[in-house]
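As structure tokens, the structure follows; a few thoughts come after it.
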Amino acid sequence: MNDGPITEADLQAHVDGRLSPGRAQDVAAWLAAHPQDAARLAAYRAHDDALRQALNPIADEPVPPALDLRLRQPARPGWAVAPALKVAGIAAVALLSGLTGWGLRGWTAPPTVGTAALAREAASSYAVYASDAARPVELAASDRFALDSWFSKRLSRPIRAPDLQQAGLTLIGGRLVATSHGPGGLYLYRDRQGRRIALYVRPMEVDGSDHMKPRLEDGVAGWTWAEKGLGFGVFGTAPGTDLHSTADLVRSQFLQT
Amino acid sequence: MPLSEEMITHVQPLIPALRRYAHAMLRHRDDADDLVQDVLERAIGGWHNRRKGASLRSWLFTILHNLALDRLRRLARRGITAPLDDVSEVHLATPAFQEQGVEARDVLALIALLPADQRSVLLLVAVEDLSYAEAAAVLDVPQGTVMSRLARARERLRRMMEEQAQGRIGKPTLRIVP
């Protein structure tokens, strides 16, 4: 259907942004000569937007427990097999720790500095706020300017919410979160399936510059890195999403500012 | 029926979208979640028999769409045609989303007035972002029918929005009496 006269199906596909670039040009040229149809298509697009805006909050809600497949997972056979062995294992670790004392402390204690600590903060902020149906953000995307200037002020450097449309992510909004290193900024985005992705950013005293590392904290997966004294974390829970390319996109946009 | 890791990994991320579609079709929160639960049961039961090459999303939406239509038909037979609850006011207006325009709330009330076959195609394409081919598979119609229903749905919705703006349908509006 790529040649010939413009059909109503072409116009619908134009509203949905699904025409090939060549055909899209043809349709755009046709619409320039047909202002009434152009207005009609603009209304369709506005109504589609309104529909998405009205319905997305449902997809942003946490999945109710009755529908959560993860909660139906039967206990793994391994758990029941040998509780005695497990107890023995724990005792052995305790004994070892006792014997080696401080020697093992660095190995067991959670990280308190650097991008490892940032990963923990980002993951726990994600767990608390991304699952919040009623008020995931303090300032919504419509207040983007206020949000950016709030973060910039509290983090004492220019911060701007990256535009991640290219990765299919729409900004929901953001909030300031408390950490033992001072304030951190949390931006929340929504992907096309309605799942949430968090971008966490805060100044770094240690690891002011660190390359990109994959992180997994309590089922929340993502990437962290640091640059010019600012640390970043991109986190989500949806499996199969390509957070690495999202992280690259964030990184390149912050490098430009 | 034990759930495979594979199934959880692939199906769990789609549950929010299934809920969104069920809510939009039924306009009743508990009914919608019941329906999604039925979809999940069927998906668990049929997991090993599904067509491996086909899109998982279309498969789940097909099950959901058919269940939703059954349910709407049953309700219609019982004579319930009015919206069951006001999704727009009670269940959707959360504080974080209050900034959404009047239009977003009106549009929900108005798509409920579209015939179910037009409403479903608009939701699948515009909200769920299914390809035209996926939507055709879910609705079990040719792609040409998807396009014509989509055109009718959008045009009808546009007219209703216009009429509502002029105060002819929908909510009672204040009139200035000279």
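These values consider heavy atoms only, across backbone and side chains, with no hydrogens, waters or symmetry-generated copies. Below, chains carry the letters A, B, ... as their sequence lines are ordered, and counting in each starts from 1.
Within the 4.5 angstrom heavy-atom criterion, no atom of B/Glu128 approaches chain A. Looking at A/Ala66, the atoms closer than 4.5 Å to chain B (heavy atoms on both sides) sit in the backbone and in the side chain alike. There is no contact between B/Gln143 and chain A, counting heavy-atom distances below 4.5 Å. For B/Ile111, the part lying near chain A is the side chain, with the backbone staying farther off; criterion is any non-hydrogen pair under 4.5 Å. For a residue to count as touching a neighbouring chain, one of its non-hydrogen atoms must lie under 4.5 Å from one of that chain's; by this rule B/Leu150 touches chain A with backbone and side chain alike.
Under the 3.5 Å distance criterion, with hydrogens and angles disregarded, no donor-acceptor pair is assigned to the side chains of A/Asp248 and A/Ser245. For the residue pair A/Tyr44/A/Asp16, the side-chain donor-acceptor check at 3.5 Å is not satisfied.
Per-residue heavy-atom pair counts under 4.5 Å with chain B were compared for A/Gln12, A/Glu138, A/Arg52, and the maximum is reached by A/Gln12. With chain B as the partner, the residue from A/Arg192, A/Arg40, A/Arg18 showing the most heavy-atom pairs under 4.5 Å is A/Arg18.
Here the options are A/Phe232, A/Trp150, A/Tyr200, A/Phe151, the test is ring pair (Phe, Tyr, Trp, His ring centres under 6.0 Å), and the partner is A/Tyr187; only A/Phe151 passes. Between B/Met25 and the choices B/Arg20, B/Arg71, B/Arg119, the side-chain contact (heavy atoms from CB on, under 4.5 Å) rule is met once, by B/Arg119.
A salt bridge links B/Arg73 with B/Asp70; the closest basic N to acidic carboxylate O contact falls under 4.0 Å.
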* Asked: Passes side chain to side chain contact (heavy atoms under 4.5 Å, CB included), A/Leu55 versus B/Tyr21? Steps please.
  -> CA-CA 9 Å; A/Leu55 289 169; B/Tyr21 183 69; over 6 Å; no
